[in-house]
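Position 1 is the first residue of the sequence, and the numbers go up from there. None of these values were measured; they are calculated from a predicted model.
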Amino acid sequence: METPKFAFLSLPLLLTSATISSAQLSSGFYKNTCPNVEQLVRSAVAQKFQQTFVTAPATLRLFFHDCFVRGCDASILLANGRPEKDHPDQISLAGDGFDTVIKAKAAVDRDPKCRNKVSCADILALATRDVVNLAGGPFYNVELGRRDGRISTIASVQRHLPHPEFNLDQLNSMFNFNGLSQTDMIALSGAHTIGFSHCNKFSNRIYNFSPRNRIDPTLNLQYAFQLRQMCPLRVDPRIAINMDPVTPQKFDNQYFKNLQQGKGLFTSDQVLFTDARSKATVNLFASNEGAFQKAFVDAVTKLGRVGVKTGNQGEIRFDCTRPN
């Protein structure tokens, strides 16, 4: 009768494997090998940010997409074979995010002490903190010590990223799968305060929502007509629309105030307010910027622990776009 014990043991072991490796992350990970890594990354990111604001949403989204597919291991940056970044869900990742990491990596590697010591995964995590802060959001300590993955495939993206038409249950199950709570999910959705989207991601909400309603009834009607002007039926696919029409270049809690007025761009945004289970959190974040910022820092820190490789797993990539 000894064997069943192992069956019961195996499940908690599976559940804690992600947490164990995150315990090896620490903000002082490079204090002996590359003590000024944070300043090096910050100055490269600030320079890129001054050239184009898109740096901020592009880098933040790149980090999220990296972590939700194979964990935070910079596999999204790999360009060899048929990589993650070629999946349809990734085509809209702006090149400025990739460029930010490449430039920050080059800045780190120019310091002889740091050369080939800092992972691309950690550089992306640091760059994410920096763009959030440069756009007016909080500054927070970043846990470090991630190693870079060697594998990136189109197939691994399938069903791992949230879609604009998701409802609350779909969002929660995807975030829960990655160890994130509903509050974490709502706080991370707040990143859409600096986001932008192409028209085809939400055109069904303003043109052909259902046989009964051309326009999604949860969408503010005046806003829907404004969106129709910006996104005519045969719109140039390169046209991008700000997800926060009020303060699109400020990382603030305006996104949540917009949801209260029916101005969430995606179904997956607006549902956070229309579903009674998440509405109270949206109202809290809308009325209390500090509560949103704290929740965002907690959530993005937890996001940065998802499926990380540490110790002797993975490698420190010399070139972020290809395995060593």
Colleague: List the residues meeting side-chain contact (heavy atoms from CB on, under 4.5 Å) with Ala240, not counting sequence neighbours, and say none if there are none.
Modeller: Phe196, His198
Colleague: In Å and rounded to the nearest 0.5 Å, what is the OG1 to CZ distance from Thr310 to Phe29?
Modeller: 8.5 Å
Colleague: Mind jotting down which residue pairs meet the side chain to side chain donor-acceptor pair (under 3.5 Å) criterion with at least one end in residues 278-289? Sequence neighbours excluded, please.
Modeller: Gln260-Asn283
Colleague: Would you say Ile215 ends up clustered with Ile241 if hydrophobic residues are merged whenever their side chains have heavy atoms under 4.5 Å apart, either directly or through other cluster members?
Modeller: yes
Colleague: Going through the distances and angles, do Leu180 and Met185 end up as a side chain to side chain contact (heavy atoms under 4.5 Å, CB included)?
Modeller: CA-CA 7 Å; Leu180 298 161; Met185 181 271 291; 5.9 Å; no
Colleague: Is there a donor-acceptor pair under 3.5 Å between the side chain of Asn220 and the backbone N or O of Gln261?
Modeller: yes
Colleague: For Asp73, enumerate each residue passing the salt bridge (Lys or Arg N to Asp or Glu O under 4.0 Å) test, keeping only those at least two apart in sequence or located in another chain.
Modeller: Lys309
Colleague: Can we call the ring centroids of Phe292 and Tyr255 under 6.0 Å apart?
Modeller: no
Colleague: More than 12 non-hydrogen atoms from neighbouring residues, nucleotides or ligands closer than 6.0 Å to CD on Glu165, yes or no?
Modeller: yes
Colleague: With sequence neighbours left out, write down each residue that passes salt bridge (Lys or Arg N to Asp or Glu O under 4.0 Å) with Asp269, or none if nothing qualifies.
Modeller: none
Colleague: Please check if Ile102 and Val45 belong to a single hydrophobic cluster, counting links between Ile, Leu, Val, Met, Phe, Trp and Tyr side chain heavy atoms closer than 4.5 Å.
Modeller: no
Colleague: Please check if atom CD in Gln47 has more than 12 non-hydrogen atoms from other residues, nucleotides or ligands closer than 6.0 Å.
Modeller: no
Colleague: Does the salt bridge (charged side-chain N to carboxylate O under 4.0 Å, His left out) test come out yes or no for Arg238 and Asp236, once each step is laid out?
Modeller: CA-CA 5 Å; Arg238 291 169 300 190; Asp236 180 335; 2.9 Å; yes
Colleague: Under 6.0 Å from the CG atom of Asn324, do we count more than 12 heavy atoms belonging to anything else shown?
Modeller: yes
Colleague: Quick one: OG1 on Thr33 to NZ on Lys113, what's the gap to the nearest 0.5 Å?
Modeller: 8.0 Å
Colleague: At what distance, to the nearest 0.5 angstrom, does CD of Gln90 lie from CG of Leu161?
Modeller: 5.0 Å
Colleague: Near Arg322 CZ, under 6.0 Å, is it more than 12 heavy atoms from other residues, nucleotides or ligands?
Modeller: no
Colleague: Measuring only between side-chain heavy atoms, which start at C-beta, is Phe68 closer than 4.5 Å to Leu303?
Modeller: yes
Colleague: Please say yes or no: joined through hydrophobic side-chain contacts below 4.5 Å, possibly via intermediate residues, are Leu60 and Ile76 part of one cluster?
Modeller: yes
Colleague: Would Tyr140 and Gln293 satisfy side chain to side chain contact (heavy atoms under 4.5 Å, CB included), going step by step from the backbone distance to the final call?
Modeller: CA-CA 10 Å; Tyr140 55 92; Gln293 292 206 350; over 6 Å; no
Colleague: Look at the side-chain heavy atoms of Ile, Leu, Val, Met, Phe, Trp and Tyr, link any pair under 4.5 Å apart, and say whether Val297 and Phe175 land in one connected group.
Modeller: yes
Colleague: Check step by step if salt bridge (charged side-chain N to carboxylate O under 4.0 Å, His left out) holds for Arg150 and Glu315.
Modeller: CA-CA 8 Å; Arg150 297 187 179 96; Glu315 63 187 13; 3.0 Å; yes
Colleague: For Phe177, look at atom CZ and say whether over 12 heavy atoms of other residues, nucleotides or ligands are found less than 6.0 Å away.
Modeller: no
Colleague: What orientation do Phe266 and Phe202 show, parallel under 30°, tilted 30 to 60°, or perpendicular over 60°?
Modeller: tilted
Colleague: Membership question, hydrophobic clusters at under 4.5 Å side-chain separation (ILVMFWY): are Val37 and Ile316 in the same one?
Modeller: no
Colleague: List the residues meeting salt bridge (Lys or Arg N to Asp or Glu O under 4.0 Å) with Lys302, not counting sequence neighbours, and say none if there are none.
Modeller: Asp184
Colleague: Only one of Thr128, Asp109, Val101 forms a side-chain contact (heavy atoms from CB on, under 4.5 Å) with Ile123, so which one is it?
Modeller: Val101
Colleague: For Arg277 and Asp169, run side chain to side chain contact (heavy atoms under 4.5 Å, CB included): C-alpha distance rounded to whole Å, both residues' side-chain angles, the deciding distance at 0.1 Å, then the answer.
Modeller: CA-CA 10 Å; Arg277 295 170 294 172; Asp169 291 318; 2.9 Å; yes
Colleague: According to the salt bridge (charged side-chain N to carboxylate O under 4.0 Å, His left out) rule, which pairs have a member within residues 210-224, sequence neighbours left out?
Modeller: Arg205-Asp216
Colleague: So Leu171 and Ser268, do their side chains get closer than 4.5 Å, heavy atoms only?
Modeller: yes
Colleague: Does the pair Asn258 and Val246 meet the rule for a side chain to side chain contact (heavy atoms under 4.5 Å, CB included), with working shown?
Modeller: CA-CA 8 Å; Asn258 297 341; Val246 185; 3.5 Å; yes
Colleague: Considering all heavy atoms of both residues, which atom of Thr100 and which atom of Ala127 are nearest to each other, and what is their separation?
Modeller: CG2-CB, 4.3 Å
